[in-house]
Amino acid sequence: MAQIAKVIVDVPTMQTNNPYSYLIPPALANQIQIGMRVVVSFGRGSRKVQGMVVGIDNESSFEGQLKEIDAVMDLQPVLNPELLSLANYLAESTFAFTISAIQTILPNSLKAKYEKVLTPTDTIEEAARQKYFATQPDMIFDENKLSTEDVSELLRLRRTNQISISYVVQDRAKAKTQVVIERAMTTSQLEASLAEVRKGAVQQKKLLQLLMDANFQTISQPALIESTGISNATLKTAEEKGWIVRRRIEVRRDPFKREVAATRPLPLQAEQQTAVTAISEQIEQDRYQAFLLEGVTGSGKTEVYLQTMAKAIEKGKTALMLVPEISLTPQMVNRVKGRFGHEVAVLHSGLSDGEKYDEWRRIERGEARVVVGARSAVFAPLENIGIIIMDEEHESSYKQDESPRYHARDVALWRGRYHQAPVVLGSATPSLETRARAEKGLYTRLVLPHRINHQSLPEVSVVDMKDEIRNHKESNFSSQLLASIKEKLQRKEQVVLMLNRRGYSSFVMCRDCGFVLMCPNCDISLTLHMDSHSMKCHYCGHEEAIPTICPNCQSRKIRYYGTGTQKVEAELKDILPEARVLRMDVDTTRRKGAHEKLLQAFGQHEADILLGTQMIAKGLDFPNVTLVGVLNADTSLGIPDFRSSERTFQLLTQVSGRAGRAEKKGQVIIQTFNPEHYAIQLAKTQNYEQFFAYEMKLRHESNYPPYYYAIQITTSAATEADAAKGIFKIAKQIREHLSAQSIVLGPTPQTISKIKKRYYYQLIVKYKKEPALGNLLEKVLQESQKTGRTGLQVSINPNPVSFM
DNA sequence: AGCACGCCGACT
DNA sequence: GTCGGCGTGCTC
């Protein structure tokens, strides 16, 4: 006799982070299932909130009076048992609220929208009634749309019971539907009807003729009206007379309408075959096993993905493929669609909420058995998963940097284990964590050491910019790079130039006193934007005029310092006026689809030089590119983070892979001020193994991941003192309970200690084994709830991708 | 989150 | 004296 539902309510706080019991009213007794969304009354005002049913029971340990569930929002569960238990895993492992985990797993459209509705009571003042309720019986209360005066007046009316507030939970999930017209009678019946229609009814006769046509097929109502001019009224009559049936069907917004030509599996090289066989064997035996597929750019990893996915599909299972957002290009998607056709669903950030929901529904209904997508696609509602692929597994974008701070790789491994399916982590430059696990035998390591078609790796040279500066005037281009560019342009070949912008920007500095223009809200320098002729803050968007005299010493020698893509572009135009340059950075790719358009233009040789930031390092494949230049390799080395060498190595290796992918030999020139640095030297020889060994040694010596686990705790507050006080208190608490082998770094102000007028402090705990740490941190969070009201916020980030 | 309750300052 | 500030506790 189940009658009590356990509901996680949509109130993301520590105190409400557990299921609440609600009575299931008899009317809903047979309807409510675990995994459905419901509307419940919550709190004193019984405001309506959305909730998720996570259990059904016939008793509750709650002593008080139970409320009833108000309504069910779904006809069938939106979360199956797997995803529900995944939500729990997420919440637990990332210190997030269960409801936040659930929201993350569900598509945006299934998140509730709340509206406050104001209704006048009979005691309302006549003036107020005239002002607010003259035209409508109630009004939607939206603080952003009303003036401050109106808001305070309405609140006063509320206090004096002249109006009442009710809450409406709105379901945003609307599958796009269309009305279709179906014939509901046989031809002879229709003929009989035709005879009965009165003489003047031209429209009705026309419709009947149409329906009697042997070629008549079910047609959408708008299409019918459009092509025949038959009116809606006529159709209504026809429906009443029983000639037709009008039905609402779900249609899909198709973001990739074009058909993709089918492709066949490509022949495999020996190592690829070995990999495919090893992975297929696990699929065949329904066994969970993680693989590290390590292969240089151009070694044919994608073909291994496609053929193993095909294996899973063949076995009647489904396949999930994750790629970084930036690699999710139409070329990439088309490669998968070429193999799996209509079975493919694509999930990426460019889709509208509605489109995402449509794809989600297709997957859920089993219409799409192959899913390709970026980070959040790891939650795709696939059942019976046969294989999970994660390409470029080292990419830091797989980790979400807001709560829940999950890493898609961890989720992929969790789901692989749940479904007893292999998980393939692919990369040319695996993260140290993954490579180390392969070393330990936790993952099976598969290596693709050769480029297909026996292309040679590009020839990489390193230019010492210190010498350049000594010998020449200040320039972004060394003489060697410039000579190479000219040579390639003469041969009508193309060049890719990368400006490493990580931790770097073009700011304004006074040459006399060293003053740097800073953001008043955040602890970073303002960046110069020549397109808008202003100084902008990249964190809060603050914008001000470019200074002509130094605000500190009144000198006129306040100049740009550092390099932005715009400045490099200007210099290029100056030195090589005949070269056609395409600039690709955040500014030129902000608009949807701009990224793709630029690349397409470059692919069709509409430009000679592609100049961009790190976004050009990924996944582009232009056979005519024979030179890749890295203008400033070391800016990412200067970042005070334990992963800065790893990042730099990965970036340089990856961008080098862009050169010479066809029959033409590629050349790479890396400009740096630290030519001896191991990350740069080893990127030059493309020697991942040596880099791995060396970096592991360093990590071991200084007790960093992957030798130690790390967890980052951050406090923020409106004043620096409050943030500091908060973090020191937590530090003290943690130190008391920590075992001797664990290490606490800090507390320290964060590298960027002030963002949007809030101050940030952090501390890092490095540990090997600390079974009680989870509970301790849970307690810290509990306590922070009390102080949270006064403005101190605490956030916990397990396994941070950086310590910054 | 949002609401009520409860305790202190400045007004009709 | 009350109105209303926001600090605190609680929501099945």
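Proteins get letters first, then strands, A, B, ... in listed order; numbering begins at 1 in each.
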Separation of C:dT11 P from A:Leu66 CG (nearest whole Å): 12 Å
Whole-Å gap separating P (C:dT11) and CD (A:Gln50): 22 Å
Which of these nucleotides, B:dA4, C:dC12, C:dC10, is closest to any side-chain atom of A:Arg158? B:dA4
Looking for any heavy atom pair under 4.0 Å, which part of the strands does A:Phe42 touch: base, sugar-phosphate only, or nothing? base
Audit row: A:Ile69, A:Leu23, side-chain contact (heavy atoms from CB on, under 4.5 Å) steps and yes/no: CA-CA 6 Å; A:Ile69 285 177; A:Leu23 291 169; over 6 Å; no
Report the distance from atom CE of A:Met14 to atom C1' of B:dG2, rounded to the nearest whole Å. 19 Å
Which one, C:dC12, B:dG2, C:dT11, comes nearest to the side chain of A:Lys116? B:dG2
Please report, rounded to the nearest Å, how far the C1' atom of B:dG2 is from the CD atom of A:Glu115. 17 Å
Per nearest nucleotide of DNA chain C, the residue lying toward the 5' end, A:Arg44 or A:Tyr20, is A:Arg44
CD of A:Glu783 versus C1' of C:dG9: gap in Å, rounded? 16 Å
A:Tyr20 ring center within less than 6.0 Å of A:Phe62 ring center: no
Kindly point out which of B:dG2, C:dC12, C:dT11 is positioned nearest to the side chain of A:Tyr22? C:dC12
Is the A:Phe379 to A:Tyr406 ring centre distance short of 6.0 Å? yes
Pairs of donor and acceptor atoms involving the side chains of residues 97-107 of chain A, under 3.5 Å and at least two apart or interchain, shall be tabulated with distances.
residue, atom, partner, partner atom, Å
A:Thr98, OG1, A:Asn17, OD1, 3.2
A:Gln103, NE2, A:Asp10, OD1, 3.0
A:Thr104, OG1, A:Ser100, O, 2.6

Between C:dT11 atom P and A:Asn17 atom CG, what is the distance in whole Å? 15 Å
Whole-Å gap separating P (C:dG9) and CD (A:Gln15): 10 Å
Residues two or more places apart in sequence or in another chain: which of them pass ring pair (Phe, Tyr, Trp, His ring centres under 6.0 Å) with A:Tyr759? none
Counting side-chain heavy atoms from CB outward, which of B:dG2, C:dT11, C:dC12 is closest to A:Lys67? C:dC12
Nearest whole angstrom, please: distance from the P of B:dA1 to the CD1 of A:Ile165. 17 Å
